[in-house]
Q: 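Pasting a structure here, questions to come.
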Protein chains: 2
Amino acid sequence: MTSTSGDAAGPALPAEPAIDEQVAIYQREFPEVDPQVETIVSALSRLNRRMHVAYSRQLAALGITNAEWEVLKALVLAGKPYRLGPGDLAKRLGLTPAAMTHRVDRMVGDGLVTRARDETNRVRVNIELTGEGRTKWLDAMRMAATFEADVLQDLGGDERGTLAGILTRMLVRVESDQPDAGGRLVDLDQDDQSEGTTSG
Amino acid sequence: MTSTSGDAAGPALPAEPAIDEQVAIYQREFPEVDPQVETIVSALSRLNRRMHVAYSRQLAALGITNAEWEVLKALVLAGKPYRLGPGDLAKRLGLTPAAMTHRVDRMVGDGLVTRARDETNRVRVNIELTGEGRTKWLDAMRMAATFEADVLQDLGGDERGTLAGILTRMLVRVESDQPDAGGRLVDLDQDDQSEGTTSG
DNA sequence: ACCCTAAAGTTCGATGCTAAACACTACATG
DNA sequence: CATGTAGTGTTTAGCATCGAACTTTAGGGT
C-alpha cells in the first residue's frame with residue numbers, strides 16, 4: 001500500500017507514507033542514502049510540521065493567528081518595556097521589513113500593539129505590547145505549554161535531557177555553517193511526506 | 001547586549017537570543033514553564049528553520065526552488081511511474097488544490113513534470129516526472145545527503161539511534177492527537193527566536 | 001435512459017509575502 | 001552650516017497561496 005492504511009482496507013486514505021516506508025523508498029531510489037540520517041531528518045521535519053498545525057488550530061481558538069503570536073513572543077522576549085522596532089522584529093521573525101510594516105498595521109488595528117515614533121531618534125519607530133497583547137501572549141503560552149507537555153509525555157527525564165543536549169549540539173553545528181543567518185530566504189513552504197530533506 | 005554578541009563588542013548584531021537566554025526569559029515572564037520542555041521545543045523549531053534556510057540556498061544553486069523540490073520528492077516517493085494527481089500532491093504537500101494547479105503550471109513550463117488527462121477516468125489528471133525532473137531530484141538528493149551528514153556529524157551511532165527513536169515516539173504522540181491531518185491549516189509562518197512554542 | 005450526488009480540477013477574488021524603489025533622519029566631513 | 005552617506009521604515013509591483021464558486025465526469029438509484 002502506498003500510505004498508512006496499508007492493510008486495514010479502510011477508505012484508503014491517500015495520505016502520506018509512514019516514516020519507515022519513506023526511508024525504504026529513498027533507499028531504493030537513491031542507494032547512497034543513510035537510512036538513519038534520513039529517518040532523523042524526516043521525523044524532525046514532520047514533527048515540526050504537525051506541531052505547527054496544532055498550534056495554528058489552538059491559536060485560532062484564542063482569536064489570534066500564528067503570525068500575530070510570533071510578534072507577541074518576540075516582544076515579550078525583548079523584555080520590559082516589551083518594545084522593539086519593526087526592523088528588529090523583521091530580523092527576528094525572518095521577514096522582510098515590508099512584511100512587518102503590514103503585519104504591525106493589522107496588530108495595531110487589533111489592539112495588540114502600539115506604534116509610535118521614537119522620541120530621541122525620529123527615524124526609528126517603536127512597536128510596543130499593549131496590555132491586551134500581553135494577556136493574549138499569556139493565554140497562548142499556557143495553551144502551548146500544555147500541548148508541549150503532552151507531546152513529551154512519553155519521554156522520561158533522562159531522555160529529555162539527552163534530547164535537549166543532542167538538539168543543541170546539532171543547532172550549534174548548523175549555525176556554524178550559517179554565519180549569523182538572521183533569516184532571510186526562508187521559503188518555508190510546506191513539506192508533508194517529503195520532509196525527508198527539505199524543511200529539515 | 002540583547003543577544004548573542006554579549007561581550008565581544010562586535011558590531012552588536014541584534015540577532016536572536018541564544019536558546020538558553022530565551023528559556024531564561026520565559027521562566028521570568030511565565031514561571032510555570034518547564035525549562036527543559038521549552039529548551040527542546042525551541043531547539044527543535046530553530047533547528048528546523050535553519051536547515052530549511054540552508055536547503056533553500058543550496059537548491060537555488062541547482063536552479064530549483066524549495067517548492068519545486070517538494071513536488072519532485074512527492075513524485076519520487078510515489079514510486080514508478082512517478083505519477084500522481086494534483087489533488088494527491090496537494091494533500092501530501094499540505095497545499096490547496098488551487099495552489100497545486102499553479103505550481104504544476106510552472107513546473108510543466110520548466111520541463112520538470114508533464115500534465116495529462118487520465119485515459120480511463122477523464123476527471124483525473126496525471127502529473128508525471130520527466131527525465132529532467134528526476135535528474136534534478138537526484139542532484140538535490142545528493143546535496144541534501146551531504147548537508148544532513150554534516151549536521152549530524154558530531155553525533156555517535158548510539159546517539160543517532162536514540163534520537164531517531166525519541167523523535168519517532170514524539171511523532172506518534174502528535175499524530176494521535178491529530179487524527180490524520182493530511183495537513184491543511186498549515187500557516188507555516190516563520191518564527192525565529194520565538195519558536196519557543198509556535199512552529200514547534 | 002435520467003437525475004442526483006460525489007469527486008476532481010480549475011478559475012476567481014482577496015490576502016500576505018518578497019524585492020526593489022522611495023522618503024526621511026542622523027551623523028560625519030569639509 | 002552644507003553635503004554625502006548610512007540606516008530606518010514605508011510604498012509599490014508582482015507572485016504564491018487560500019477559500020469559495022464553478023465545470024466536468026463518474027457512479028448510483030429509479
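Proteins get letters first, then strands, A, B, ... in listed order; numbering begins at 1 in each. All values derive from a computational prediction rather than experimental measurement.
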Q: How long is the line joining CG of A:N126 and P of D:dT10, in whole Å?
A: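 Rounding to the nearest Å, CG of A:N126 and P of D:dT10 are 11 Å apart.
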Q: Please report the distance, rounded to the nearest Å, between CG in B:L89 and P in C:dT10.
A: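 Spelled out: CG on B:L89 to P on C:dT10 is 11 Å.
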Q: Counting only side-chain N and O atoms of B:R122, is one of them less than 4.0 Å from OP1 or OP2 of D:dT23?
A: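 Answer no for this pair, as no side-chain N or O of B:R122 is under 4.0 Å from OP1 or OP2.
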Q: If you measure from the Lys or Arg side-chain nitrogens to the Asp or Glu carboxylate oxygens, is any gap between A:R142 and A:D139 under 4.0 Å?
A: yes
Q: Assuming nearest nucleotide by heavy-atom distance, tell me which of A:A99 and A:N121 is located more 5' along DNA chain C.
A: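 Its nearest nucleotide lies further toward 5', so the answer is A:A99.
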Q: Separation of B:R106 atom CZ from D:dG14 atom P, in whole Å?
A: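 Going from B:R106 (CZ) to D:dG14 (P), I get 17 Å.
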Q: What's the closest nucleotide to the B:V123 side chain, out of D:dT25, C:dT11, D:dT17?
A: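 Ranking D:dT25, C:dT11, D:dT17 by closest atom to the B:V123 side chain puts D:dT25 first.
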Q: Would you tell me if any nitrogen or oxygen in the side chain of A:R117 comes within less than 4.0 Å of OP1 or OP2 on C:dT25?
A: no
Q: Where the side chain of B:A98 is concerned, which of D:dC18, D:dT12, D:dG9 is the nearest nucleotide?
A: D:dC18
Q: Nearest to the side chain of B:T96 - D:dT10, C:dG9, D:dC18?
A: D:dC18
Q: Can you measure B:N66 atom CG to D:dA16 atom P for me and round it to whole angstrom units?
A: 14 Å
Q: Is it the case that over 12 heavy atoms from other parts of the model lie below 6.0 angstrom from the CD atom of A:E119?
A: no
Q: Starting at CD of A:E70 and ending at C1' of C:dG16, how long is that distance when rounded to a whole Å?
A: 15 Å
Q: Under 4.0 Å: is that the gap between some side-chain N or O of A:R124 and OP1 or OP2 of D:dT10?
A: no
Q: Closer to the 5' end of DNA chain D via nearest nucleotide, is it A:H102 or A:G85?
A: A:G85
Q: What's the CZ-C1' distance between B:R115 and C:dA8, to the nearest Å?
A: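 Rounded to whole Å, this separation is 13 Å.
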Q: Picking from D:dT17, D:dG9, C:dC17, which would you name as closest to the side chain of B:R103?
A: D:dT17
Q: Does B:D154 offer a backbone N or O that forms a donor-acceptor pair with the side chain of A:R169 under 3.5 Å?
A: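 Confirmed, A:R169 side chain pairs with B:D154 backbone.
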Q: In whole angstrom, what separates B:E119's CD from D:dA26's P?
A: 12 Å
Q: Treating A:R160 as the side-chain partner and A:L152 as the backbone partner, does any N or O pair qualify as donor plus acceptor under 3.5 Å?
A: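 At least one qualifying donor-acceptor pair exists.
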Q: Send over the distance from A:M107 CE to C:dG16 P, rounded to a whole Å.
A: 13 Å
Q: With the side chain counted from C-beta on, respond yes when B:T65 and B:R106 share a heavy-atom pair under 4.5 Å apart, and no when they do not.
A: no
